[in-house]
A.B. asks: 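Attaching a single structure in structure tokens format; questions to follow.
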Amino acid sequence: MPSIKNQHDLQPLNTFGIKASAQYFIEVSSEKDLPELPELKQDKILIMGGGSNILFTKDFEGIIVQMKISGINIEGEDEQSVIVSAGGGVEWDELVAFAVLRNLGGIENLSIIPGSVGAAPVQNIGAYGMEVKDTIEKVECYDLMTGMTITFSNRDCGFSYRYSVFKGEFKNRLLITKVYFRLKKPPHTLVTTYGNIAELLPENPSITDVRNIITGIRQSKLPDHKVTGNAGSFFKNPVVHEQTALKLKELYPGIPIFPEATGLAKISAAWLIDQSGCKGITRGRAGTHPKQPLVLINLGGASGSEIFELAQYVQGEVLEKFGIMLEPEVNVY
Ligand code: FAD
Ligand code: NAP
């Protein structure tokens with residue numbers, strides 16, 4: 001039976017570095033622990049991985065279940081692909097390194113995203129033109145309310161831009177214990193359309209080159225959460241109707257707009273924040289990053305409420321200037 005800790009310190013467990021505690025805290029490090037979990041029906045539950053997409057604005061009054069199941073395994077292969085499984089508690093970038101080392105493609109653009117494998121399907125992590133949904137074969141979960149194990153096929157997961165059913169109807173109910181990925185054998189189709197990735201790559205690039213270039217860009221642009229607390233992009237890029245995007249383009253010719261599914265377009269939230277005068281601003285001990293204003297930062301000793309107040313201020317400024325309400329990507333508690 002995993003031990004239940006009382007008044008557990010969450011500060012080292014969230015990348016914002018916010019001081020908070022959990023009333024009860026359980027670490028699940030083996031599948032054998034699952035049937036041993038106490039009846040959680042009555043309590044307020046929060047599932048956690050690496051705490052890199054969470055903002056605590058107060059102490060958590062309830063039970064936090066942290067996923068720590070480890071292990072990466074090759075499960076099978078065919079001519080074009082290899083099936084790899086990873087425990088929900090595996091560090092995401094450990095899996096990317098595992099894949100790239102074996103020349104298995106499909107997740108190299110997702111290099112050095114913080115957090116766990118179990119959280120990757122939750123918001124369908126994405127970066128530099130790749131989304132994890134395109135490699136997921138199936139997701140194994142444990143239902144904290146019924147004690148049943150359930151397997152979701154890729155289709156069942158309801159993936160879309162930074163979303164899945166695990167973030168929607170099953171949030172904090174289904175604990176993702178293992179994820180199966182279908183990774184591609186060479187020859188690889190590299191995704192190099194974002195920014196200047198293509199220019200930086202050598203001739204005949206490999207997936208290792210892509211990983212190295214993306215790692216370099218990210219390290220030069222984004223704050224290291226071990227030094228400056230943050231949770232990556234605080235807001236999602238807004239997706240609007242094509243007509244709205246065209247109107248905005250007429251008013252603001254410099255606005256970065258990217259076509260999405262039919263009739264929709266994605267707008268860079270970072271640009272909206274910058275143009276609203278919120279790049280590199282500080283409010284108390286919270287700020288927006290001077291190189292990437294979509295990232296809210298803890299300047300040292302900030303409370304979760306201070307970060308959240310800044311987020312609300314930024315939302316207000318963008319709404320006033322552009323009539324667009326930015327939606328948080330980070331999970332606020
Ligand atoms: P947590 O923060 O612990 O949890 C996030 C959410 O997932 C919560 O709702 C939680 O309840 C749920 N959850 C966690 N584990 C499980 C589980 N096992 N079962 C069910 N639910 C679970 N994200 C991107 O998409 N692309 C990026 O490029 C990116 N870059 C980032 C850069 C930085 C510097 C930082 C700090 C964050 C970045 N993020 C990015 C956000 C974050 O890394 C991802 O969302 C990541 O998947 C969160 O993993 P985690 O284990 O830390 O999850
Ligand atoms: P960027 O390159 O400055 O671009 C700004 C935004 O424009 C990005 O968010 C991206 O949307 C979009 N974009 C840029 N080029 C595009 C293209 N060719 N086609 C479609 N959309 C395009 O962004 P950045 O902040 O340095 O981040 C680079 C990548 O890392 C992005 O994919 C971003 O999502 C990811 N990232 C995510 C987080 C997070 O916490 N979620 C944190 C850091 C970086 P998308 O975001 O939809 O890709």
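In listed order, ligands and their atoms are each counted from 1. Bear in mind that the values here come from a model prediction, so they are computed numbers and not experimental data. As a basis for the values below, the full set of heavy atoms in this structure was taken, side chains included, without hydrogen atoms, waters or symmetry mates. We number each residue from 1, following the sequence as shown.
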A.B. asks: Output the list of atoms in ligand 1 that are nearer than 4.0 Å to some heavy atom of Leu174, sorted by atom number.
C.D. replies: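 In order of number, 19 (N), 20 (C).
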A.B. asks: If you measure from each heavy atom of Lys236 to ligand 2, is any distance below 4.0 Å?
C.D. replies: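 Not so, Lys236 does not reach ligand 2.
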A.B. asks: In terms of atom number and element, which parts of ligand 2 are under 4.0 angstrom from non-hydrogen atoms of Thr193?
C.D. replies: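 Matching atoms, with element in brackets: 18 (N).
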A.B. asks: In the protein, which heavy atom is nearest to atom 26 (N) of ligand 1, and how far is it?
C.D. replies: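 Looking only at protein heavy atoms, the one closest to atom 26 (N) of ligand 1 is Gly126 O, 2.8 Å.
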A.B. asks: On the ring face of Phe60, is Lys44 found with NZ or CZ under 6.0 Å from the centre and within 45° of the axis?
C.D. replies: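 Yes.
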A.B. asks: Indicate, as side chain, backbone, both or neither, the part of Asn230 found under 4.0 angstrom from ligand 1 when only non-hydrogen atoms are considered.
C.D. replies: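 Both of them.
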A.B. asks: So is Gly51 touching ligand 1 or not, going by heavy atoms under 4.0 Å?
C.D. replies: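 So Gly51 counts as touching ligand 1.
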A.B. asks: Tell me the protein heavy atom at minimum distance from atom 50 (P) of ligand 1, and give that distance in Å.
C.D. replies: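 The closest heavy atom on the protein side is Gly50 N, 3.4 Å.
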A.B. asks: For atom 8 (C) of ligand 2, grab the closest protein heavy atom and report residue, atom and distance to one decimal in Å.
C.D. replies: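 For atom 8 (C) of ligand 2, the nearest protein heavy atom is Asn237 ND2, 3.8 Å.
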A.B. asks: Starting from atom 43 (C) of ligand 2, which protein heavy atom do you reach first, and at what distance in Å?
C.D. replies: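 The closest one turns out to be Leu222 CD1, 3.6 Å.
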A.B. asks: Step through the shown structure and confirm whether more than 12 heavy atoms of other residues, nucleotides or ligands are within 6.0 Å of NZ on Lys19.
C.D. replies: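 Counting neighbours around NZ of Lys19, 12 or fewer heavy atoms of other residues, nucleotides or ligands fall under 6.0 Å, so no.
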A.B. asks: Would Lys167 count as a contact of ligand 1 if the rule is a heavy atom under 4.0 Å away?
C.D. replies: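 It does not; every heavy atom stays at 4.0 Å or beyond.
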A.B. asks: State whether Glu79 and Lys185 are salt-bridged, where the test is any N-O pair (Lys NZ or Arg NE/NH1/NH2 against Asp/Glu carboxylate O) under 4.0 Å.
C.D. replies: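 Salt bridge between Glu79 and Lys185, a charged N being under 4.0 Å from a carboxylate O: no.
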A.B. asks: Regarding Arg182 and Ser81, do their side chains bring together a donor and an acceptor under 3.5 Å, going by distance alone?
C.D. replies: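 Checked: Arg182/Ser81 side chains pair up, N/O donor to acceptor below 3.5 Å.
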A.B. asks: Can you tell which of Ala231, Gly49, Gly118 gets a heavy atom nearest to atom 3 (O) of ligand 1?
C.D. replies: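 When every heavy atom of Ala231, Gly49, Gly118 is considered, Gly49 comes closest to atom 3 (O) of ligand 1.
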A.B. asks: Write out all pairs satisfying side-chain hydrogen bond (donor to acceptor under 3.5 Å, both in side chains) with one or both partners inside residues 239-264, taking only residues at least two apart or from two chains.
C.D. replies: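 Every pair satisfying side-chain hydrogen bond (donor to acceptor under 3.5 Å, both in side chains) with a residue in residues 239-264: there are none.
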A.B. asks: Does atom OH (Tyr128) have a neighbourhood of more than 12 heavy atoms from anything else shown, all under 6.0 Å?
C.D. replies: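 Count over threshold, so yes.
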A.B. asks: Check the hydrophobic clustering (I, L, V, M, F, W, Y; side-chain heavy atoms under 4.5 Å; chains of links allowed) and say if Ile69 and Ile47 are grouped together.
C.D. replies: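 Linked within one cluster.
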A.B. asks: Please could you name the atoms of ligand 2 that Gly232 approaches to less than 4.0 Å, counting only its heavy atoms?
C.D. replies: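 Per the distance check, 40 (O).
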A.B. asks: Do protein heavy atoms approach atom 4 (O) of ligand 2 to less than 4.0 Å?
C.D. replies: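 No; the ligand atom in question lacks any protein heavy-atom contact below 4.0 Å.
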A.B. asks: Given Glu131, Arg162, Arg218, which has its nearest heavy atom closest to atom 33 (C) of ligand 2?
C.D. replies: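 The nearest heavy atom belongs to Arg162.
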A.B. asks: Tell me which one of Val330, Asn53, Asn331 gets a heavy atom nearest to atom 2 (O) of ligand 1.
C.D. replies: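 The residue whose heavy atom sits nearest atom 2 (O) of ligand 1 is Asn53.
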A.B. asks: May I ask you to check if ligand 2 and Ser268 share an N or O to N or O distance below 3.5 Å?
C.D. replies: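 Not met; the criterion fails.
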A.B. asks: Looking at Thr177 and Glu140, would you say the former's side chain and the latter's main chain have a donor-acceptor pair under 3.5 Å?
C.D. replies: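 Confirmed, Thr177 side chain pairs with Glu140 backbone.
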A.B. asks: Return the closest protein heavy atom for atom 42 (C) of ligand 1 as residue, atom name and distance.
C.D. replies: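 Result for atom 42 (C) of ligand 1: Ser52 OG, 3.3 Å.
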A.B. asks: Check if Tyr161 has a non-hydrogen atom at a distance under 4.0 Å from any atom of ligand 2.
C.D. replies: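 Contact present.
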A.B. asks: Between Ile47, Val28, Asn109, Val122, which one has a non-hydrogen atom sitting closest to atom 11 (O) of ligand 1?
C.D. replies: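 Selected option, by shortest heavy-atom distance: Ile47.
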A.B. asks: Write out the residue and atom name of the closest protein heavy atom to atom 53 (O) of ligand 1, then the distance separating them to 0.1 Å.
C.D. replies: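 For this ligand atom, the closest protein heavy atom is Ala119 CB, 3.4 Å.
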A.B. asks: Looking at atom 47 (O) of ligand 2, what's its closest protein heavy atom, distance included?
C.D. replies: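 Heavy-atom neighbour on the protein nearest atom 47 (O) of ligand 2: Lys266 NZ, 2.6 Å.
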A.B. asks: Can you pull out the closest protein heavy atom to atom 35 (C) of ligand 2? Residue, atom name and distance to 0.1 Å, please.
C.D. replies: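 Ranking protein heavy atoms by distance from atom 35 (C) of ligand 2, first comes Ala127 CB, 3.7 Å.
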A.B. asks: Tell me which protein heavy atom sits closest to atom 47 (O) of ligand 1, plus the residue, atom name and distance to 0.1 Å.
C.D. replies: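 In this structure, atom 47 (O) of ligand 1 has Ile125 CG2, 3.3 Å as its nearest protein heavy atom.
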A.B. asks: Do Asn212 and Thr215 have side-chain N/O donor and acceptor atoms under 3.5 Å apart?
C.D. replies: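 Distance-only check fails for Asn212 and Thr215.
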A.B. asks: Would you mind checking which non-hydrogen protein atom is closest to atom 16 (C) of ligand 2, with the distance to 0.1 Å?
C.D. replies: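 The protein heavy atom lying closest is Phe258 CE2, 3.2 Å.
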A.B. asks: How far is atom 24 (C) of ligand 1 from its nearest protein heavy atom, and which residue and atom is that?
C.D. replies: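 Scanning the protein heavy atoms, the shortest distance from atom 24 (C) of ligand 1 goes to Gln123 NE2, 3.5 Å.
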A.B. asks: Give the residue and atom name of whichever protein heavy atom lies nearest to atom 39 (N) of ligand 1, and the separation in Å to one decimal.
C.D. replies: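 The closest heavy atom on the protein side is Ile113 CG2, 4.2 Å.
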A.B. asks: Pair up each side-chain donor or acceptor in residues 153-168 with any protein partner under 3.5 Å, not counting sequence neighbours, and list the distances.
C.D. replies:
unit_1 : atom_1 : unit_2 : atom_2 : d
Ser153 : OG     : Arg155 : N      : 3.4
Ser153 : OG     : Asp156 : N      : 3.2
Ser153 : OG     : Asp156 : OD1    : 3.4
Ser153 : OG     : Asp156 : OD2    : 3.2
Asn154 : ND2    : Lys133 : O      : 2.8
Asn154 : ND2    : Ile136 : O      : 2.8
Asp156 : OD2    : Ser153 : N      : 3.0
Tyr161 : OH     : Asn237 : N      : 3.4
Tyr161 : OH     : Asn237 : ND2    : 3.2
Arg162 : NH2    : Gly126 : O      : 3.2
Ser164 : OG     : Pro121 : O      : 3.1
Ser164 : OG     : Val122 : O      : 2.8
Ser164 : OG     : Phe166 : N      : 3.1
Lys167 : NZ     : Arg162 : O      : 3.4

A.B. asks: For atom 27 (O) of ligand 2, find the nearest protein heavy atom and state the residue, atom name and distance (0.1 Å precision).
C.D. replies: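 The closest heavy atom on the protein side is Tyr128 OH, 4.3 Å.
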A.B. asks: Would Gln123 count as being in polar contact with ligand 2, using the rule that some N or O on each side must be under 3.5 angstrom apart?
C.D. replies: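 Between Gln123 and ligand 2 (N or O atoms, distance only) the closest approach is not under 3.5 Å.
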A.B. asks: For atom 38 (C) of ligand 1, which protein heavy atom lies nearest, and how many Å away is it?
C.D. replies: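 Going by distance alone, atom 38 (C) of ligand 1 is nearest to Pro114 CD, 3.8 Å.
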A.B. asks: Just to be sure I'm reading this right: ignoring hydrogens, which of Glu329, His289, Lys221, Met130 gets closest to atom 1 (P) of ligand 2? Compare them by their nearest heavy atoms.
C.D. replies: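 Residue with the shortest heavy-atom distance to the ligand atom: Lys221.
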A.B. asks: Testing the 3.5 Å rule here: is there a donor-acceptor pair between the side chains of Gln23 and Gln7?
C.D. replies: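 Judged by distance alone, the side chains do not pair up.
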A.B. asks: Will you find, in the side chains of Glu75 and Ser85, an N or O donor that is under 3.5 Å from an N or O acceptor?
C.D. replies: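 Note: Glu75 and Ser85 side chains meet the donor-acceptor criterion.
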A.B. asks: Mark yes or no: Lys5 above the aromatic ring of Phe25, with NZ or CZ under 6.0 Å from the six-membered ring centre and no more than 45 degrees from the axis.
C.D. replies: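 Ring-cation test returns no.
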A.B. asks: Does CD in Gln312 sit with more than 12 non-hydrogen atoms of other residues, nucleotides or ligands closer than 6.0 Å?
C.D. replies: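 Yes, CD of Gln312 has more than 12 neighbouring heavy atoms, counting only those of other groups under 6.0 Å.
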A.B. asks: Give a yes or no on whether the backbone of Lys291 and the side-chain of His289 come within a donor-acceptor separation of less than 3.5 Å.
C.D. replies: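 Between the backbone of Lys291 and the side chain of His289 there is a qualifying donor-acceptor contact (under 3.5 Å).
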A.B. asks: For atom 37 (C) of ligand 2, find the nearest protein heavy atom and state the residue, atom name and distance (0.1 Å precision).
C.D. replies: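 Among all protein heavy atoms, the one nearest atom 37 (C) of ligand 2 is Ser233 OG, 3.7 Å.
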A.B. asks: Could you tell me whether Gln11 atom CD has more than 12 heavy atoms of other residues or ligands within 6.0 Å of it?
C.D. replies: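 Correct, the count exceeds 12.
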A.B. asks: How far is atom 48 (O) of ligand 2 from its nearest protein heavy atom, and which residue and atom is that?
C.D. replies: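 It is Tyr194 OH, 2.8 Å.
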